[in-house]
Protein chains: 2
Amino acid sequence: MSRKTPDQLRDVLRDFRRDQVVDVARRLFGERGSTDVSMEEIATEAGVARSTVYVYFANRDELLRACLERMHTQLLDGLAAAWEEGAEPEDRLRTLFEGVFELIDDSPAFFRLAVTTEDAVAVTADAVQRGASPSTPGLAMIGLNIARLIQDLYEEGVAAGRFRPLDPTVATALIGQMLFGAMSIRAGDPAPGPRDEAAAVVCDFVLHGLAGEGVRG
Amino acid sequence: MSRKTPDQLRDVLRDFRRDQVVDVARRLFGERGSTDVSMEEIATEAGVARSTVYVYFANRDELLRACLERMHTQLLDGLAAAWEEGAEPEDRLRTLFEGVFELIDDSPAFFRLAVTTEDAVAVTADAVQRGASPSTPGLAMIGLNIARLIQDLYEEGVAAGRFRPLDPTVATALIGQMLFGAMSIRAGDPAPGPRDEAAAVVCDFVLHGLAGEGVRG
DNA sequence: CAAGGAATCGGACACCGTGTCCGATTCGCT
DNA sequence: AGCGAATCGGACACGGTGTCCGATTCCTTG
């Protein structure tokens with residue numbers, strides 16, 4: 001062969017090294033704020049020179065984006081794994097909350113990160129509607145895929161006659177809001193309760209709301 | 001009198017100057033991130049020397065806290081103003097959302113600020129239950145008062161037979177989560193819809209949930 | 001008006017983190 | 001052994017923070 005190492009292999013290696021750094025950065029960013037942790041510290045902890053980090057990431061922000069993207073895929077993987085278990089829309093909803101909580105419990109500072117880093121908050125269903133191209137780079141996708149998940153879930157539920165027929169865009173946004181709120185609060189809770197319980201409670205609330213059962217309708 | 005200016009007056013003056021700086025800081029922090037805006041800039045914009053800012057605030061963090069506290073009181077004032085209008089629990093709930101949205105629209109970066117600055121996320125009702133002493137300094141109060149508001153609202157609703165009787169702590173937390181999520185999303189929405197509409201939609205969701213009306217119970 | 005004190009200015013300072021650069025070194029491959 | 005790529009490590013400029021202090025302004029009071 002003319003090339004000593006195929007570009008392909010070289011890239012794999014490169015990704016591996018990148019991941020190595022991202023792992024550390026994610027942990028440190030998680031424990032303390034995204035500020036308060038220096039490049040030096042990340043590099044040292046990852047066992048590389050500071051200058052080497054800058055080979056893989058143009059700057060601090062890009063490293064942060066990489067961390068968020070990793071958490072994102074981690075979340076989606078986790079959700080996909082448990083996704084097929086229950087066929088009932090209600091169960092899927094609960095699964096969704098449980099999966100999200102699992103990620104939060106694993107690295108509670110997820111949100112401080114996500115929120116700090118601009119526009120990751122686009123759990124709005126508009127985004128789905130506006131159909132941001134799947135090639136959209138970076139963080140827009142982070143909430144987008146979840147929004148899509150929610151919208152699918154909701155429409156299934158309506159089709160099955162389990163959910164009220166609302167404007168799907170609005171409904172998706174509302175569920176997303178609840179999800180976001182629940183995540184944020186759990187992320188800030190120093191002593192969160194059991195995951196399944198918490199998910200069940202939130203899920204019940206999302207389904208039936210606040211109003212007394214006999215009161216209305 | 002022995003004193004040229006009574007300490008009292010001196011303090012008033014001092015507060016006035018402080019507010020002057022906080023006003024500017026809040027705006028700038030709001031427009032761009034809490035990072036990305038230097039003390040120098042704040043000072044200049046406020047028409048004082050950088051060193052003078054450090055007379056009133058020990059450091060950047062303290063200035064940030066002051067900004068958040070100001071927003072907090074602003075929010076509570078706004079809510080209190082419209083609080084008595086509707087006696088019905090449902091109306092009060094809607095008023096709550098509207099009031100919060102109003103603040104958000106006024107300075108959308110409220111949340112990036114609040115969330116970034118640790119533990120402001122304590123909208124958990126546990127906090128109310130644990131009864132954090134009212135003297136608790138700083139940001140713990142920021143969500144606490146709102147939580148108290150929510151809890152009162154909820155208990156009124158239950159007493160009036162309008163809300164389902166749940167564990168008040170849990171119910172408060174859930175409403176708080178929805179509120180938090182709604183705020184966050186609206187804060188990130190580049191083109192938010194009319195306030196009253198948005199509030200009405202969220203409110204309806206909180207009241208009746210997702211499930212079809214005839215489906216369950 | 002003159003004197004005095006408090007607040008403010010403005011500029012110097014040390015410190016730290018970022019991002020860039022480059023020569024020296026190590027590592028893997030042939 | 002020899003080559004090239006990756007890595008090291010340490011220098012650098014830059015910008016922001018927080019501290020300090022002498023000079024200046026403003027207001028009060030005698």
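Not measured: the values here are computed from a predicted model. Proteins get letters first, then strands, A, B, ... in listed order; numbering begins at 1 in each.
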J.: Are the side chain of B/Tyr154 and the backbone of A/Leu210 linked by a donor-acceptor contact shorter than 3.5 Å?
T.: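 No, B/Tyr154 side chain to A/Leu210 backbone: no donor-acceptor pair under 3.5 Å.
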
J.: Please determine if B/Glu98 and B/Arg94 form a salt bridge, counting it only when a charged side-chain N lies under 4.0 Å from a carboxylate O.
T.: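 Yes, charged N to carboxylate O under 4.0 Å.
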
J.: Of A/Ser51 and A/Val37, whose nearest nucleotide on DNA chain C comes first from the 5' end?
T.: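 With A/Ser51 and A/Val37 compared, the 5'-side residue is A/Val37.
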
J.: Taking the minimum atom-to-atom distance to the side chain of B/Tyr56, which one of D/dC8, C/dT8, D/dT17 wins?
T.: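 Within the option list, the nearest is C/dT8.
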
J.: Figure out the CG/P separation between A/Asp36 and C/dT18, and round it to whole Å.
T.: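 Spelled out: CG on A/Asp36 to P on C/dT18 is 11 Å.
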
J.: For residues A/Ile42 and A/Val24, report the shortest heavy-atom separation together with the two atoms involved.
T.: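 Heavy atoms of A/Ile42 and A/Val24 come nearest at O-CG1, 3.8 Å.
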
J.: Whole angstroms only, please: what is the CD-C1' distance between A/Glu40 and C/dT20?
T.: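 A/Glu40 atom CD is separated from C/dT20 atom C1' by 15 Å.
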
J.: Nearest whole angstrom, please: distance from the P of D/dC8 to the CE of A/Met39.
T.: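 It works out to 16 Å between those atoms.
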
J.: Taking atom types as modelled, is there a side-chain donor on A/Thr73 or A/Glu69 under 3.5 Å from an acceptor on the other?
T.: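 No, because no side-chain N or O of A/Thr73 sits under 3.5 Å from a partner of the opposite role on A/Glu69.
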
J.: Give a yes or no on whether a donor-acceptor pair under 3.5 Å exists between the nucleobase atoms of C/dG19, that is its base, and the side chain of A/Arg50.
T.: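 Counting by modelled atom types and ignoring angles, a donor-acceptor contact under 3.5 Å is found here.
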
J.: Nearest-Å distance, CZ (B/Phe57) to P (D/dT19)?
T.: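 Roughly 15 Å, once rounded to whole Å.
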
J.: How many Å lie between CG on B/Asn59 and P on C/dC15, as a whole number?
T.: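 Value for this atom pair: 19 Å.
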
J.: For B/Arg18 and C/dT8, what is the distance between atoms CZ and P respectively, to the nearest whole Å?
T.: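 In whole Å, C/dT8 P lies 13 Å from B/Arg18 CZ.
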
J.: Is a donor-acceptor contact shorter than 3.5 angstrom present between the side chain of A/Arg60 and the base of C/dG19?
T.: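 No, no donor-acceptor pair under 3.5 Å.
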
J.: Nearest to the B/Val48 side chain among C/dT20, D/dC8, C/dC9, which nucleotide is it?
T.: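 Comparing C/dT20, D/dC8, C/dC9 against the side chain of B/Val48, the answer is C/dC9.
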
J.: Of the nucleotides C/dG19, C/dG17, C/dC9, which one has an atom closest to the side chain of B/Thr52?
T.: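 For B/Thr52, the side-chain atoms sit closest to C/dC9.
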
J.: Using whole Å, what does the distance between atom P of nucleotide D/dA6 and atom CG of A/Asp15 come to?
T.: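 Spelled out: CG on A/Asp15 to P on D/dA6 is 13 Å.
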
J.: Remember a base hit wins even if backbone is also touched, and classify A/Val55 as base, sugar-phosphate or nothing at under 4.0 Å, heavy atoms.
T.: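 Result for A/Val55 = nothing.
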
J.: Expressed in angstrom and rounded to an integer, what is the separation of A/Ile42 atom CD1 from C/dG17 atom P?
T.: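 So the two atoms are 12 Å apart, to the nearest Å.
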
J.: Apply side chain to side chain contact (heavy atoms under 4.5 Å, CB included) to B/Val55 and B/Arg17, showing your working.
T.: CA-CA 11 Å; B/Val55 173; B/Arg17 295 304 221 145; over 6 Å; no

